[in-house]
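These figures come from a predicted structure and were not determined experimentally. What you see below is based on every heavy atom in this structure, not just the backbone, and it leaves out hydrogens, waters and symmetry mates.
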Amino acid sequence: MFIRRTTYNRLVARADAYAGAYVAARRADRRKAVPAAARRERLAAACLRYRAELAEQRAQHAAALARQQRRADQLQQQLDDVLGLNSSDVQAGVRWQQRRQDRPRPYVEAGQ
């Protein structure tokens with residue numbers, strides 16, 4: 001899936017900020033000698049917040065992808081309509097192509 005450069009840069013900056021906050025929290029925890037259980041709870045809460053944020057962004061990107069796909073399908077349908085590819089004559093020609101006599105045959109080697 002393609003994303004805009006600004007979106008990518010924003011996500012990288014956010015990841016850097018989270019990494020910096022994580023390192024700062026680890027240093028502060030070591031300095032204050034906070035019990036391990038409290039430190040794990042804080043880190044787990046930060047991880048949950050980060051995962052929730054990622055899930056929200058994933059949902060937004062999935063919705064944007066679905067919108068783009070619907071738009072592409074609509075444009076393809078309009079192009080088919082303009083070029084006349086949805087006409088009954090073209091549909092009838094599909095059946096004719098399958099039974100025509102001068103249709104090229106697939107090449108089969110002699111040893112097979």
How many angstroms lie between NE2 in His61 and OG1 in Thr7, if you round to the nearest 0.5 Å? 6.0 Å
Look up atom CZ in Arg58 and atom CZ in Arg51, then write down how far apart they are to the nearest 0.5 Å. 13.5 Å
Would you kindly confirm whether Leu54 and Tyr18 end up in one hydrophobic cluster when ILVMFWY residues are joined by side chain heavy atoms under 4.5 Å apart? yes
Please step through side chain to side chain donor-acceptor pair (under 3.5 Å) for the pair Gln77 and Asp73, ending with a clear verdict. CA-CA 6 Å; Gln77 184 64 37; Asp73 290 344; over 6 Å; no
Mind checking the CD-CG spacing from Glu53 to Leu48? Nearest 0.5 Å is all I need. 12.5 Å
Mind checking the CD1-CG spacing from Ile3 to Asn9? Nearest 0.5 Å is all I need. 9.0 Å
Rounded to the nearest 0.5 Å, how far apart are CZ of Arg10 and CD of Gln57? 7.0 Å
Test item: Leu79 and Leu75 side chains (from C-beta on) under 4.5 Å apart, heavy atoms: no
Step by step, would you call Arg27 with Val23 a side chain to side chain contact (heavy atoms under 4.5 Å, CB included)? CA-CA 6 Å; Arg27 286 182 186 153; Val23 169; 3.6 Å; yes
